[in-house]
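The structure under discussion appears below in the form of structure tokens.
Residue numbers run from 1 in the order of the sequence given. Remember, it's 1-based here, ligands and their atoms both numbered in the order they're listed.
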Amino acid sequence: MRLGINIDHIATLRQARRDVHPDLLAAAGECVRAGADGLTVHLREDRRHIQDEDVVLLRSTFPKTHLNLEMAAVDSIAAIACRLKPNAVCIVPEKRAELTTEGGLDVKKQLKKITVISRKIRQAGIKVSLFIDPAPVQIKAAQTAGADMVELHTGTYAEYSDPQRPKYNPRQAQKELEKLFRAADAAQKLGLQVNAGHGLTYANVKPIARQQDLFTELNIGHNIIARAVFVGLTQAVREMKLAIG
Ligand code: PXP
């Protein structure tokens, strides 16, 4: 199963200071060297983390690395996607006030709009994925819209399945997991590639990662960057002590 690393969270840290640190390209390089199969970035309309220039530089610096661009179904970002040619575009719902993507795309409700924008992106030679909840009606709509792939939203499963999270509930987690598996199976039967992501952690990824026949790619970001703080903090403090002398 492929791992796509969502590096928006590195850009969030950088944009908190409107600084150049941490260097997004250097971070992307570390991810690739460590074994990431792809890089995922969300070019939001409000540009709160990833900037247009980041996408340009990621594409040119890592031409052989699978680049997945998440975006809202809006023409202005679709035009950027068609110009920059990531390997894949994942269309996500986007609300200005949200902290992160909340819920999946309602493809059924916006079928016409999503069909038109998907066609435009596919005509530019880019694969189209739709980020949806694991609901049969959305899977069918994704196929009707002409998507190549779906990314199943694992957020609800993620909330219930991580023992450190407040909503931890193994029974509910199991139910959500089964819903994800049924949805993945149904999507596959309709000829769609199935990816998954959102909220996955070291503690809850295994049951999904075991389903190699159902899922092709997992997109994970926040928990990897959160872990990197602990894996790297000791070294970072030591280096600053040395720099001070
Ligand atoms: N997939 C999609 C479509 C997302 O919007 C996000 C979050 O930006 C992710 C995967 C990764 O989620 P997380 O950062 O919680 O691992």
Side-chain angles (χ1 to χ4, degrees), residues 1-13 15 24 27-28 31 36-51 54-55 58 66-74 77 81 86-107 114 118 121 127-135 138 142 147-162 164-165 167 176 180 183-184 187 192-206 208-209 215-229:
M1 198 175 299
R2 294 197 335 236
L3 170 64
I5 303 197
N6 186 315
I7 55 172
D8 297 349
H9 312 290
I10 308 268
T12 299
L13 194 54
Q15 294 308 110
L24 189 77
C31 293
D37 302 292
L39 299 168
T40 291
V41 287
H42 184 173
L43 187 65
R44 294 185 77 102
E45 283 188 275
D46 63 10
R47 307 297 199 272
R48 69 168 73 153
H49 39 54
I50 295 294
Q51 308 297 304
D54 292 328
V55 189
L58 284 165
H66 183 86
L67 183 63
N68 174 34
L69 179 72
E70 295 175 0
M71 53 166 268
V74 295
I77 311 270
N87 302 83
V89 153
C90 182
I91 303 178
V92 301
E94 198 176 292
K95 295 188 212 116
R96 293 233 160 198
E98 69 191 356
L99 294 178
T100 181
T101 317
E102 294 166 354
L105 199 60
D106 193 342
V107 186
I114 291 172
S118 299
I121 294 166
K127 293 241 187 272
V128 170
S129 177
L130 302 179
F131 186 50
I132 56 170
D133 290 326
Q138 298 300 343
D148 301 285
M149 309 175 265
V150 287
E151 178 170 329
L152 298 181
H153 195 312
T154 51
T156 308
Y157 161 73
E159 289 299 321
Y160 288 136
S161 57
D162 185 327
Q164 286 181 280
R165 289 199 170 128
K167 287 191 186 163
E176 289 299 323
L180 284 162
L192 296 161
Q193 178 183 312
V194 185
N195 305 328
H198 209 284
L200 294 176
T201 68
Y202 294 88
N204 66 20
V205 73
K206 277 248 157 51
I208 294 184
F215 300 98
T216 300
E217 177 184 298
L218 298 181
N219 283 303
I220 308 179
H222 192 266
N223 205 239
I224 294 175
I225 306 308
R227 176 76 186 137
V229 170

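Heavy-atom proximity to Asn219, at under 4.0 Å, picks out these atoms of ligand 1: 10 (C), 11 (C). Set against the non-hydrogen atoms of Gly199, the atoms of ligand 1 under 4.0 Å away are 12 (O), 13 (P), 15 (O), 16 (O). Using a 4.0 Å cut-off to heavy atoms of Asn6, the atoms of ligand 1 that qualify are 6 (C), 7 (C), 8 (O), 9 (C), 11 (C). Residue-ligand proximity, Val92 to ligand 1, at heavy-atom distances under 4.0 Å covers atoms 3 (C). Residue contact check: His222 has heavy atoms under 4.0 Å from atoms 13 (P), 14 (O), 16 (O) of ligand 1.
In this structure Phe131 satisfies the ring pair (Phe, Tyr, Trp, His ring centres under 6.0 Å) test together with His153, sequence neighbours excluded. Ala158 pairs by the side-chain contact (heavy atoms from CB on, under 4.5 Å) definition with Arg165, Asn204, not counting sequence neighbours.
Remark: minimum distance from atom 5 (O) of ligand 1 to any protein heavy atom is reached at Thr101 OG1, 2.9 Å. Taking atom 3 (C) of ligand 1 as the reference point, the nearest protein heavy-atom neighbour is Glu70 OE2, 3.3 Å.
The option from Glu217, His198, His42, Glu94 that lies nearest to atom 12 (O) of ligand 1, judged by heavy atoms, is His198.
A donor-acceptor distance shorter than 3.5 angstrom exists from the side chain of Asp8 to the backbone of His42, with no hydrogens or angles considered. With hydrogens and angles ignored, the 3.5 Å screen pairs a side-chain donor or acceptor of Gln51 with a backbone N or O of His49.
Nearest approach of Val55 to Leu43, heavy atoms of both residues: CG2-CD1, 4.3 Å.
Side chains of His66 and Arg2 form a contact here, defined as non-hydrogen atoms less than 4.5 Å apart.
At a 4.0 Å heavy-atom cut-off, ligand 1 touches His9 through the side chain alone.
With a 6.0 Å radius and a threshold of 12 heavy atoms from other residues, nucleotides or ligands, Arg227 has its CZ atom at or below the threshold.
Asn68 and Glu70 are not linked by any side-chain donor-acceptor pair at a separation below 3.5 angstrom, with hydrogens and angles left out of the test.
In this structure, Glu151 is part of the shell of residues with a heavy atom less than 4.0 angstrom from ligand 1.
Between Gly221 and ligand 1, an N or O atom pair is found at a separation short of 3.5 Å.
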